[in-house]
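Scroll down for the structure; my scribbles are underneath it.
Just so you know, these numbers use all the heavy atoms, side chains as well, and skip hydrogens, waters and symmetry mates. Just so it is clear: chains get the letters A, B, ... in the order the sequence lines come, proteins before strands, and each one is counted from 1.
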Amino acid sequence: MLLSRIAETSQSVASTRSRITKTERLAATIMEMTPTEVLIGVSYLSGRLPQGRLGVGFAAIRDVDVAPAATARLTLTETDSTLTELQATRGAGSKVRRAELLAGLMSAATPEEQTLLFGLLGGGLRQGALDGVMVDALATAFDAPRASVRRAAMLSGNLAGVAEALAMEGPTALERFGLEVGRAVQPMLASTAETASDALAGFAESFVEWKVDGARLQIHREGDDIDVYTRSLRPVTRSVQDIVAKARSIGSTSFILDAEAISLKGDGTPEPFQVTMTRFAKKSAPDTPLHLFVFDALRLDEDLIDLPLRERAARIEAAVPDDFVIPRILTSDPGEAEAFAAAALAQGHEGVMVKDADSLYSAGRRGSAWLKVKPAHTLDLVVLGVEWGSGRRRGYLSNIHLGARDGDGFVMLGKTFKGMTDEMLAWQTVRFQEIETHRDGQVVYVRPEQVVEIAFDGVQRSSRYPGGVALRFARVKGYRQDKKPNEADTLDTVRGYLQT
DNA sequence: TTCATATGCACC
DNA sequence: TTTCCGA
DNA sequence: TCGGAAAGTGCATATGAA
């Protein structure tokens, strides 16, 4: 029902415009909904989508100008306060979580409204999108074990189907859902560890494998049909025909593999991440070949997700050509692990993954069975400006602009909001207004007087910043009260990280 | 028509 | 993607 | 222990200005 509405609205928009965006499509659909439908949809959306992408959709609901992210954020906040009011009527002072709210909405919804909601989940949004909030809400609304709902949704990649089955048949319907070749599965995620030895300490025996700076791929094959998906489950089969060809040479005709794809230079060292990424743009010729590094198998002739990693690895060794398998060792010796990690770094790779050899594949979970270990660098930089935060950081100065010393001045290298505790936020809100020079919109500019220690993963070329370089994954380690700006690191020092 | 800016969407 | 925080 | 919230950069293309 909803799907056909989306199709109709798409066509009418397409007749007047050259291209329609996902948000426009969504907006058009939302505008035709009844208030109840909007309430259900919006309460889901407000907890679900990244902020910046909602601009057009929410602007349309509120009938305000289609305008930049600022409008979207404002509108999103309004939506939030509407929800808060709703919550307040339920219980004085008691906080109602979004999942509870949603569960209540679903239970109270008419069959027509439920159909719309499930349609929204399955077709209106990203295919296969999954959300902890939704799983929670479904479990509560239909009185099913949370873990079972989660597992069914993760493995089938079909949240809408799970929701519908729960509504029609109840919790017993969950047993039907399992792995399906051709249907992308939420990939297993990793936590972080400081060093390879630290990571190793938690496991009886560990696989230590290269962590390459590429793109994660999930490769499905059933007979002659091969499909490739990104980490976010976007199908990219057409862009990566060289990967498809490699997959075809694997000694099995029914599999689901978890792998990394990366462009390497002639000497085997990695190309910058941006080079790999251009292969995944909509229109790009495969002029830079992608290497394939398989590191896990959810299925190889039979389902493997409930077998330990050591067994899955053995099956991979037997079926996948060595060239396509991630270099790794099985060990419990910290020295061996550290040496392997050092060698990976020497090859130019990011670091290593350390994985519990006895762990099962838990789709979509960020557990501690997989640990990523990458060395962090630090720099002492100078704060050039700060932006007012939003959401839970409203009223605080949050996102800081970072500068490196260059001659007598400072050159901006990027921004960061990561690594700040609530205490630091409170402190910097006062501090940066003390050294404020002027304001422009959300930005408070300051005299370059405050030094901050910044951790980062690497330096990349940038067309955005005047120094031609930007920091990758910059986060605050702490403010340096003991250093003067003229002791901060220089632009040349930063550029020095480009090669390594 | 060309160039610059804005926007959407992808990812680590 | 990293980090902090609350349930 | 888990998941939400905070917002990053780069590239391609659509739109607006010259």
Query raised in the report: Within 45 degrees of the axis of the six-membered ring of A/Phe273 and under 6.0 Å from its centre: does A/Arg472 put its NZ or CZ there?
Result: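 The answer is yes, since A/Arg472 meets both limits relative to A/Phe273.
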Report task. With rounding to the nearest 0.5 Å, note down the distance linking CG in A/Asp380 to CD1 in A/Ile454. Result ->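 Between atom CG of A/Asp380 and atom CD1 of A/Ile454 there are 9.0 Å.
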Query - A/Tyr396 atom OH, neighbour heavy-atom count above 12 within 6.0 Å - result: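 12 or below, so no.
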Requested in this report: Would you kindly check whether a donor in the side chain of A/Arg464 faces an acceptor in the base of D/dG10, or vice versa, at under 3.5 angstrom?
Outcome: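 Pair found.
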Query raised in the report: Between the side-chain atoms of A/Lys418 and the base atoms of C/dT1, is any donor-acceptor pair under 3.5 Å?
Result: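 For A/Lys418, whose side chain was compared with the base of C/dT1, there is a donor-acceptor pair (under 3.5 Å).
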Quick one: [X] [atom1] to [N] [atom2], roughly how many Å, whole number?
{"X": "A/Gln460", "N": "D/dG10", "atom1": "CD", "atom2": "P", "value": "5 Å"}
{"X": "A/Leu217", "N": "B/dC11", "atom1": "CG", "atom2": "C1'", "value": "12 Å"}
{"X": "A/Phe273", "N": "D/dC11", "atom1": "CZ", "atom2": "P", "value": "11 Å"}
{"X": "A/Arg472", "N": "D/dG8", "atom1": "CZ", "atom2": "C1'", "value": "11 Å"}
{"X": "A/Tyr229", "N": "B/dC11", "atom1": "OH", "atom2": "P", "value": "14 Å"}
{"X": "A/Met424", "N": "C/dC5", "atom1": "CE", "atom2": "P", "value": "10 Å"}
{"X": "A/Leu371", "N": "C/dT2", "atom1": "CG", "atom2": "P", "value": "13 Å"}
{"X": "A/Leu425", "N": "D/dA7", "atom1": "CG", "atom2": "C1'", "value": "13 Å"}

Which nucleotide wins on minimum distance to the side chain of [X], given the candidates [options]?
{"X": "A/Ser398", "options": "B/dC12, C/dT2, D/dA7", "result": "D/dA7"}
{"X": "A/Ser462", "options": "B/dC12, B/dA10, D/dG10", "result": "D/dG10"}
{"X": "A/Arg216", "options": "B/dC12, B/dA10, D/dC11", "result": "B/dC12"}
{"X": "A/Lys415", "options": "C/dC5, B/dC12, D/dT9", "result": "D/dT9"}
{"X": "A/Arg392", "options": "B/dC12, D/dA5, D/dC11", "result": "D/dA5"}

**Report entry** Ring geometry between A/Tyr497 and A/Phe456 (parallel below 30°, tilted from 30 to 60°, perpendicular above 60°)
**Finding:**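 If you compare the ring of A/Phe456 with that of A/Tyr497, the planes turn out perpendicular.
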**Report entry** salt_bridge(A/Asp242, A/Arg279) N-O dist < 4.0 Å
**Finding:**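 Salt bridge flag = yes for A/Arg279 with A/Asp242.
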Query raised in the report: Is a salt bridge present between A/Arg495 and A/Asp406, judged by a nitrogen-to-oxygen distance below 4.0 Å?
Result: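 Salt bridge: no.
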Query - Same-atom distance (C1') from B/dC9 to C/dT1, integer angstrom - result: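 After rounding to an integer number of Å, I get 16 Å for this pair.
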Query raised in the report: On a whole-Å scale, what distance lies between the P atoms belonging to B/dC11 and D/dA6?
Result: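 Pairwise P distance, B/dC11 against D/dA6, rounds to 22 Å.
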Are any of [X]'s side-chain N or O atoms less than 4.0 Å away from OP1 or OP2 of [N]?
{"X": "A/Arg393", "N": "D/dA6", "result": "no"}
{"X": "A/Tyr396", "N": "D/dA6", "result": "no"}
{"X": "A/Asn399", "N": "D/dG8", "result": "yes"}
{"X": "A/Lys374", "N": "C/dT2", "result": "yes"}
{"X": "A/Arg231", "N": "C/dT1", "result": "yes"}

For [X], which contact category applies under a 4.0 Å heavy-atom criterion: base, sugar-phosphate, or nothing?
{"X": "A/Thr230", "value": "sugar-phosphate"}
{"X": "A/Thr421", "value": "sugar-phosphate"}
{"X": "A/Thr192", "value": "nothing"}

Query - 5'-most by nearest nucleotide on DNA chain C - A/Glu423 or A/Lys372 - result: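 Of the two residues, A/Lys372 wins.
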Query raised in the report: Where each residue is assigned the nucleotide of DNA chain C containing its nearest heavy atom, which of A/Phe417 and A/Asp422 is assigned the position nearer the 5′ end?
Result: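 The residue whose closest nucleotide sits nearer the 5' end is A/Phe417.
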Query raised in the report: Hey, would you say the A/Phe295 and A/Phe207 ring centroids sit under 6.0 Å apart?
Result: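 Here the rings of A/Phe207 and A/Phe295 have centres that are no less than 6.0 Å from each other.
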